[in-house]
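Before any comments, here is the structure.
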Amino acid sequence: MHGGPTAVEGKRPGPGGGDRPGQGSRVGCDGGTEDFSPKEREVLAMLAAGAKDEAIARRLGCSERTLLRLLTALVAKLGAESRFAAGVQAARLGLLD
């Protein structure tokens, strides 16, 4: 009956994660763009610009594995099923400047 959080839910403590309230929660239809950190917005913008994971990780100063955990959490937070769907949702919410 006890199920702990998983990395997919974005709740596993680690570098750059697990310390923000509401992390891992999904965004509703009405927005909630203030729930996205500047780092998350930067990642979304770089993805939208077509940057590769390696380049994004280098710019953030983290490993590709850490970036993949961040992306997994972002996809879940946006309520999307894929990275592409997360990008579409981010654009709808006005998260891409």
Side-chain angles (χ1 to χ4, degrees):
M1 292 212 157
H2 181 278
T6 65
V8 173
E9 294 168 346
K11 296 183 181 183
R12 173 183 273 171
D19 55 348
R20 287 189 338 275
Q23 185 175 358
S25 61
R26 291 184 167 204
V27 174
C29 294
D30 59 342
T33 59
E34 65 279 352
D35 293 338
F36 290 86
S37 72
K39 180 193 246 182
E40 290 171 325
R41 287 172 175 256
E42 183 179 11
V43 169
L44 288 169
M46 286 188 280
L47 283 174
K52 304 239 183 242
D53 289 356
E54 180 181 356
I56 297 171
R58 193 175 334 118
R59 172 135 182 195
L60 295 177
C62 67
S63 70
E64 285 187 63
R65 183 172 177 177
T66 297
L67 174 65
L68 290 176
R69 284 194 295 264
L70 175 63
L71 290 172
T72 299
L74 265 174
V75 169
K77 189 172 185 177
L78 287 162
E81 296 294 322
S82 68
R83 286 168 62 151
F84 178 80
V88 170
Q89 181 68 355
R92 285 184 184 150
L93 292 171
L95 292 169
L96 305 176
D97 297 326

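Here the CG-CD distance, from L78 to E40, works out to 8.5 Å after rounding to the nearest 0.5 Å. In this structure, L68 CG and C62 SG are separated by 9.0 Å, a value rounded to the nearest 0.5 Å. To the nearest 0.5 angstrom, K39 atom NZ is 10.5 Å from L74 atom CG. Between atom CG of residue L67 and atom CZ of residue R58 there is a gap of 11.5 Å, rounded to the nearest 0.5 Å. Here the straight-line distance linking atom CG of L44 with atom CG of L71 works out to 8.5 Å at 0.5 Å rounding.
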Quiz item: Passes side chain to side chain contact (heavy atoms under 4.5 Å, CB included), L70 versus L60? Steps please.
Solution: CA-CA 11 Å; L70 175 63; L60 295 177; 4.3 Å; yes

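Closest heavy-atom contact between A86 and A80: N-CB, 3.4 Å. Annotation for S82 and V75: closest pair O-CG1, 3.9 Å, computed over non-hydrogen atoms. The minimum heavy-atom distance linking D35 with K77 is given by the pair O-NZ, 2.6 Å. Smallest separation of non-hydrogen atoms from L96 and A45: CD2-N, 3.9 Å.
V88 belongs to a hydrophobic cluster with F84, counting contacts under 4.5 Å between side-chain heavy atoms of Ile, Leu, Val, Met, Phe, Trp and Tyr, direct or through other members.
In this model, no donor atom of one side chain and acceptor atom of the other lie less than 3.5 Å apart for R69 and T72.
Judged as a side chain to side chain donor-acceptor pair (under 3.5 Å), and not counting sequence neighbours, the contacts of R83 are D53.
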